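Beneath this line is the structure, given in structure tokens, with notes to follow.
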There are 2 protein chains.
Amino acid sequence: MVVISLDTASGDAKMHDQVYDRLAEALIQGQIPPLKSVSLRSLAQGLGVSPMPVREAVRRLIAEKALELQPSNKRLRVPDLTEKRLTQLMTARQWVEPELAFLATARMTRDSIKRLRDDDAKLMTALSKGDVSGYMQANQDFHFSIYARADADLFYDMARTLWLQVGPFMRVVFGRMGTVHLPKDHHQEMIAAFERGDAEAIKASMAADIHEGMNLMLDAIKAQAQAEPTKRRKRG
Amino acid sequence: MVVISLDTASGDAKMHDQVYDRLAEALIQGQIPPLKSVSLRSLAQGLGVSPMPVREAVRRLIAEKALELQPSNKRLRVPDLTEKRLTQLMTARQWVEPELAFLATARMTRDSIKRLRDDDAKLMTALSKGDVSGYMQANQDFHFSIYARADADLFYDMARTLWLQVGPFMRVVFGRMGTVHLPKDHHQEMIAAFERGDAEAIKASMAADIHEGMNLMLDAIKAQAQAEPTKRRKRG
DNA sequence: GTTGCCGGAGTGTGATCACAAAAGCCTTCG
DNA sequence: CGAAGGCTTTTGTGATCACACTCCGGCAAC
């Protein structure tokens with residue numbers, strides 16, 4: 001059972017938006033593993049609301065391909081990642097996110113860069129402690145505090161959608177290999193480039209960062225596909 | 001009143017999927033103009049269903065930014081296009097769609113190419129008759145019969161989402177300037193390149209095709225923004 | 001004639017009920 | 001002991017109702 005609490009303090013926001021945010025966050029953080037099946041009613045009960053707002057939130061997530069509804073049977077679950085699909089996600093990420101970083105460069109302030117340093121510090125701390133969740137959270141914060149500066153809503157949402165789809169699997173891969181063997185990221189490079197205002201360098205570093213991270217997952221997918229050609233479905 | 005009929009023959013598909021398809025098609029074809037406000041109940045009544053499936057379809061369209069829910073007032077409407085937003089849409093289209101065309105090249109069959117010729121013929125016919133709707137339909141068919149061959153679901157859906165957002169405005173711009181002054185497309189170039197199997201040439205032609213088409217709209221937006229800085233909202 | 005107000009109509013949202021279909025469990029038979 | 005079939009539970013879906021809020025109409029006061 002995946003427990004996801006609802007922020008009871010925010011009264012003006014629509015319930016289905018709150019539900020959506022919670023679920024989206026859980027997915028990006030990989031708190032819901034691939035092939036995990038969920039149900040409207042169980043989620044609703046866990047959140048203390050009626051199934052109605054959950055339906056709308058889930059409908060959005062299905063539209064973003066962060067969840068899927070199996071065609072023949074009617075179960076709702078987190079999609080699995082095929083190699084083909086992951087390749088497309090990698091290609092898309094390697095285009096949008098460097099673009100976002102490029103656009104953000106001119107708009108970075110001293111405070112923004114400081115925040116990046118903080119996020120990276122948290123990331124290193126989590127790494128040294130072997131804290132996968134903390135690592136993923138800090139990594140997400142690092143990337144999206146850059147993207148938020150780009151002032152490009154469309155690209156930002158595209159990046160978010162891509163992370164929604166990659167999240168569950170990223171958690172599995174990273175959790176399996178531990179934080180020790182994670183590839184060196186390019187965050188320090190980016191921070192230095194932001195201070196120089198070198199947009200091209202940032203674009204390149206971001207592309208490299210994503211390329212290496214996603215390649216790791218691609219290798220994991222290939223290995224898994226080879227090891228277990230017809231994997232038995234796990235209990236939901 | 002926008003009348004959108006529902007296919008009553010397809011019994012096995014979910015109602016909200018049918019509603020979604022109808023609305024999406026209407027939006028891509030520009031049958032619903034920007035800033036046009038719609039309502040769940042009126043749409044439901046027009047489709048002969050309860051508001052329920054419309055809610056779910058609309059929720060998807062909102063997630064894809066093909067519709068928006070105004071924050072202060074709670075009306076549902078087709079979003080307007082700002083210059084900033086259109087620029088992002090152009091950039092995104094110029095990346096995804098050439099990529100899709102590139103991927104499709106190796107998978108094109110003789111029949112696929114024949115279909116492209118047919119679509120282009122319909123397009124020319126519509127152009128000569130000044131039939132804006134026919135033109136947009138044929139243009140959509142031409143592009144998406146290419147994209148469908150790419151076997152890249154993620155990119156395909158991205159392209160579809162982008163068209164959903166551009167559609168309403170494209171119709172306005174094209175309708176305003178008539179079919180006579182539309183820029184020469186690059187369809188013949190693409191067909192020839194497909195026959196040669198020249199993927200790079202196709203990529204370039206597709207990029208040029210989109211670039212010129214979207215530039216037209218960009219000019220229209222700028223002109224409109226200059227002419228009417230604070231346009232009065234039109235009656236819905 | 002202009003301005004302010006107020007009431008009805010219409011909006012999206014959430015909850016609840018009904019229903020067909022699939023899932024999962026348990027019994028039962030070989 | 002293993003597998004197949006039936007039955008209960010659970011699932012997503014659609015319809016309907018209630019509610020708070022917004023918009024738009026006419027009426028009244030100045």
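The figures here come from the full heavy-atom set of this structure, side chains too, leaving out hydrogens, waters and symmetry mates. Residue numbering restarts at 1 for every chain, and letters A, B, ... go by the order of the sequence lines. None of the values given here were measured: they were computed from a predicted structure.
The residues A:D17 and A:R60 are annotated as salt-bridged, a charged nitrogen and a carboxylate oxygen being separated by less than 4.0 angstrom.
The line from CG of B:L89 to CH2 of B:W163 is 12.5 Å long, rounded to the nearest 0.5 Å. How far CG of A:L40 is from CD of A:Q45: 13.0 Å, rounded to the nearest 0.5 Å.
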- Which parts of nucleotides 10-19 of chain D does protein reach within less than 4.0 Å, heavy atoms only, written one letter per nucleotide 5' to 3' as B for base, S for sugar-phosphate only and - for none? -BBBBBB-B-

- Begin from the C-alpha positions of B:D151 and A:K84 and carry the test salt bridge (Lys or Arg N to Asp or Glu O under 4.0 Å) through to its verdict. CA-CA 10 Å; B:D151 190 36; A:K84 179 192 291 185; 2.7 Å; yes

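For A:F155 and A:Y147, the distance between ring centers is not under 6.0 angstrom.
Distance B:I62 CD1 to C:dT11 C1': 13 Å, rounded to the nearest Å.
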